[in-house]
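I have placed the structure first, in the form of structure tokens, so that the comments after it can refer back to it.
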Amino acid sequence: MAGKMKTADPDFKAMSKSFPDLNINSPELKQKIDFMKIQSQVLVNRHNINVKNLWSHLRGPLNPNLTVLREVLHTFAAFHPKIGYAQGMNDILARFLVVFDSERPTGVSRIICQDTTRLHRRGHGQKDWWLLLGFKREMPFPDSLRCFEILSSHHLELSSLEAETARRKQTMKEFQNLGEIPAFTNLDDTVAISNNEVAGNVIFTLAASDSDPEDAGLLTVAHTGSTGFASTFFDLDSTTWEVKIRSGVSLSPGDHAMTFSVTDPCSRSSSSILTIRVENDPPVITSLATSSSITISEDLTEETLLHELIVTDSTPTTCQLDSTGVPFEIKTISGSTSKLWHILTAGASMDYDTQNAYVLDLSCTDSFDITTGLYTVYLPPTINGLPRASDMQEDVVVETTLYTLSVTDPESTVVTCDVTTITQIQILCSSSQSNFNEFDIVLQSNPNLQYDVVRTYRLDIQCTDGRRSDSGVFFMNVLRNKPPVFLNLQTGEVVLTRSIEGEFVPAYDLYVYVTDGKSTTGPRSLTVHVLDINYVPVIKNLPLPSALVVSENSALGLSIFQVSIQDNDGSDTHIYSMTSSPSDGVLYFDIDSATGLISTSFTSNINYEAVSSTSFTFTITVSDTKDSTSQNLTVTIANQNEAPVFTKTSYALSVDEGQAGTILADPGYLYQDEDTGDTHKFSMNCASNVGYFSIAPTTGFISLATDIDVDAAGSATSYTCTVKVSDGALTDSASLTINVNNVNDNTPRFSNNLFTYYLDINYSLNTVFGSTVATDADAGTFGTFIYSIDQTSLGTETFGIQANGDLYLKNSLTSYGYGSSMSFVVQATDTGSLQGTATVFIVIPQTTTTTTTTTDRPLTFWEYPSNPAWVIVAGLIGLIIMVLPCYMCYKNGCSCEWRGRPGDYQERLQEQSENNRKKDKQPKGYSNGSWKAWRWYEQQ
């Protein structure tokens, strides 16, 4: 310790480890070193180190080797202030300094000095006698070194054996780690399949590799675990490593995980997971593609079959009517066929003026996916078989019936028809006598038709039953009664005088005359037929009286409207097309160019919240390649409530066991809802685990609804719940796993706080004499603990404790003597560092027999050595207190009057003269007018 310590010195390094929180150059460390230096010098210097028997290497007051000796002892005392300096340390240390000739190996000297001091305190135990023998002062210095070398050779041999054993263990460990662990090359992975996959199909083939060449072709694969229904649905072919679908199973949509392990011949293995996602094929409503509407009477009251739904799916399906407040419902009859019925509830009715059509939202589900459709019910009357046109000669003069039309009314009420638009002439529509729903279109007499003025008349016909109507278009073509030709005077050729393109007159009668300028021959009749007359097609069912309503999220390719046309040219081929305003309407609706069937897009879903407009006007055009006609169709998008959807199917939380009210971490729910502005609420269902957790409806945070103690019998550490999010009408759910962590919340407890044992002074060593049993209420690893003994107060390891809590005698009790007692503390420390303690009291009875009595009962009051002593002292004091009053009472004649000192009271009352007269009569105990307490008894 003399001088300044360098940072490279071993002592300085050891000191810095003792004070890791101090800066090497800090004033605190310097102050600590100075204090330790002074303290160590005091501890060593108060002993007179005798060097007279040491070798001459250390003799002499100014010998530098002696200075080194003292500095080493100072250093040891600084690091071991409780030991300081013990007799014999200088002898042991001197021999090491002579051998090493330096103070560098002072660590060895510290060990020797410490062992010697321990040996000194324990009374030179038998195991350490060799140390005293090797360094006995009376032995010559060379002999002591030789003796030490001989005695320590056994220690060196043991060290060599231990080193060789450690080397062999390390070699074996390295040998075991030479091989590589095999691993899957295509896992972890997820594969998606349809729930309609056929049994026996291979859905995945495992692949694994091992970098050890000798393991090639020797790897084995096994299926070690599953989640969901993986073990029920799928099999592993251990030969081909193929994962196949089992026969006789019906795949359930969802994620099913399989855990596989690959193992090499040396039993090295690894595991990976294959997740098989079974995706559901939604049901398909096929009947709506060919029949999506019907016309019925508003007065219909009987149960009537309107449409038979035909649904294709591999699994059973159920259909329902999603529209509310309508007099219709879906019934399932004759097996699994769903049929749409018209059902009027009591007191309900249909009114054309209030609603002239019903657009019904239908949906069919197979419990996994939902397919929707539309079916339209119309109420108005219908004009049947109205032809495109009729021809009439321009010179007609009599009343002529052009056409008799028939009108169908679902209610069979009286229908009236009229021509709403007519040009120049008057056309009357009168009821037929044979059928009140048949009407004659009559050209009145003398219509004054002129081909050169008006060639075609358009008649817009409208029929009504007083509340609703239907309309149609009829054309009357005027035929010229004289053909548009003239006689070529030179050649007699008949030529056209104008173009007949677009002509509707099928034939002309020509009257031919022949003249030579003097006489005329004729006329002769010549009929010219006009071929390939084209009639313009007419759209019969457009425009609609009101907009066609289509719900958002309707199924892709759903039929919504069939364009109906009339063309007198029966052999014409028609092409349908449409444009939209706004223009993006064609993204959501398609028209079949061959049939005129309008349906939702086959690629783009209709989203009410995303479309540019909720109302589209479509211009429907039909062409026969020569002429075309157009009508408008207005489609309104109806908003539907859409369910919120979790973007993840499962969530996981963890919480420490604890008291009710503990709030878990934020679950981080991720969900979407197309309906902006919806208010969402959360709920949860934990099946049989009811009452353990609660959920905040607005935030979805989970909290403990009751105290959860994992250590309690039957308590679980994992709970699986279903959390739901709802917008008030529709819901979605996800799986929530809550893992409860076990915490170290119980301290080991002994069965008694005090154990007492009576041991004979000659009790056998290493023999169990009692047991201290402790328990820990914690489950799992925190419930395990180890026993230990704190017998620092005894100064020696007299007792030991086994792993099961049994106590045994480790060293002899002879040094304590008969009638002595001692105590120590037993400790039970669990893996979480919680510790329980109990006191063990050992009594060595006053006996010379070899009988040993042990007990773990609590000590009685009189068995505590200190109790009888203070009871005796207390009894003597109490006796004195009781006897002294009795003695005083006896001396005062058992009178309550205080007599005081004799003559004391009279001296205060008498005059001085009287006092002088009584001076000679003073009682005994007074001397020169003063009271002498020790003479008081003499006056009695």
Side-chain angles (χ1 to χ4, degrees), residues 176-284 311-317 365-371 645-652 718 720 722 733-737 739:
Q176 294 176 355
N177 293 333
L178 287 177
E180 295 294 335
I181 298 177
F184 289 102
T185 59
N186 58 347
L187 293 181
D188 298 335
D189 196 5
T190 300
V191 59
I193 63 173
S194 170
N195 66 329
N196 293 323
E197 287 286 346
V198 180
N201 283 0
V202 177
I203 59 176
F204 195 82
T205 302
L206 302 177
S209 65
D210 192 331
S211 57
D212 297 330
E214 62 274 12
D215 293 341
L218 300 178
L219 301 180
T220 57
V221 173
H223 176 204
T224 59
S226 302
T227 62
F229 296 96
S231 60
T232 304
F233 295 157
F234 311 105
D235 267 334
L236 170 67
D237 189 329
S238 58
T239 303
T240 62
W241 295 9
E242 294 176 339
V243 181
K244 301 180 180 179
I245 301 176
R246 285 190 173 186
S247 60
V249 298
S250 178
L251 301 181
S252 298
D255 287 350
H256 312 279
M258 303 179 71
T259 302
F260 299 101
S261 66
V262 55
T263 307
D264 64 9
C266 295
S267 299
R268 290 182 292 266
S269 64
S270 64
S271 299
S272 296
I273 297 176
L274 171 65
T275 301
I276 304 173
R277 181 165 298 156
V278 180
E279 298 179 346
N280 182 60
D281 288 341
V284 178
V311 184
T312 59
D313 199 334
S314 60
T315 57
T317 59
T365 178
D366 56 4
S367 301
F368 300 102
D369 290 300
I370 298 176
T371 299
V645 178
F646 281 108
T647 58
K648 293 176 58 179
T649 58
S650 61
Y651 298 87
S718 181
T720 300
T722 300
S733 61
S735 174
L736 174 64
T737 301
N739 298 312

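The structure presented is a predicted model; accordingly, all values stated were derived computationally and were not measured.
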Checklist entry - Are side-chain heavy atoms of F204 and L187 found at a separation under 4.5 Å? => result yes
Next on the checklist: Contact between V311 and T371 at the side-chain level, heavy atoms closer than 4.5 Å - yes or no?
Outcome noted: no
Checklist entry - So which heavy atom on S247 is nearest to which on A199, and how close? => result CA-CB, 3.5 Å
Item to check | T185 side chain vs S209 backbone, donor-acceptor pair below 3.5 Å | outcome: no
Next on the checklist: Can you tell me which residue among V198, V202, V278, I203 is in a side chain to side chain contact (heavy atoms under 4.5 Å, CB included) with I245?
Outcome noted: I203
Checklist entry - With side chains defined as the heavy atoms from C-beta onward, is the minimum distance between T220 and S238 less than 4.5 Å? => result no
Checklist outcome for this item: Heavy-atom nearest pair, S735 first then T720, reads OG-CG2, 4.1 Å
Next on the checklist: To the closest 0.5 Å, what do you measure between CD1 (I181) and SG (C266)?
Outcome noted: 11.5 Å
Item to check | Carboxylate-amine/guanidinium proximity below 4.0 Å for R246 and D235 | outcome: yes
Item to check | Listed partners of F234 passing ring-ring contact (aromatic ring centres under 6.0 Å, His included), at least two apart | outcome: none
Checklist entry - Which pairs with one or both residues in residues 250-261 pass side-chain hydrogen bond (donor to acceptor under 3.5 Å, both in side chains), sequence neighbours excluded? => result D255-R277
Next on the checklist: Is there a side-chain contact between I193 and L251 in this structure, where contact means two heavy atoms from C-beta onward sitting under 4.5 Å apart?
Outcome noted: yes
Checklist entry - Got F184 and V221 here, is their nearest side-chain heavy-atom distance under 4.5 Å? => result yes
Checklist entry - Got a sec: does the CZ of F229 have more than 12 other heavy atoms crowding it under 6.0 Å? => result no
Item to check | S272 side, atom OG; F260 side, atom CZ - distance, nearest 0.5 Å | outcome: 10.0 Å
Item to check | Taking every non-hydrogen atom, the tightest pair across L219 and P182 | outcome: CD2-CB, 3.9 Å
Checklist entry - Which atom names give the shortest non-hydrogen contact between K244 and G200, and what distance separates them? => result CD-O, 4.0 Å
Checklist entry - What pair of heavy atoms forms the shortest contact from N195 to N280, and how long is it? => result ND2-OD1, 2.8 Å
Checklist entry - Hey, what do you get for CG (L274) to CG (N186), rounding to the nearest 0.5 Å? => result 8.5 Å
Next on the checklist: Let me confirm one number: the CG-OG1 distance from D237 to T240, rounded to the nearest 0.5 Å.
Outcome noted: 3.0 Å
Checklist entry - Can you tell me how far the OG1 atom of T263 sits from the CG atom of L218, to the nearest 0.5 Å? => result 12.5 Å
Checklist outcome for this item: One should read off an interatomic distance between E279 CD and N196 CG, to the nearest 0.5 angstrom, of 12.0 Å
Next on the checklist: As a quick check of understanding, evaluate side-chain contact (heavy atoms from CB on, under 4.5 Å) for I276 and V243, giving each step before the final call.
Outcome noted: CA-CA 10 Å; I276 304 173; V243 181; 4.2 Å; yes
Item to check | Pair D366-T317, side-chain donor/acceptor within less than 3.5 Å | outcome: no
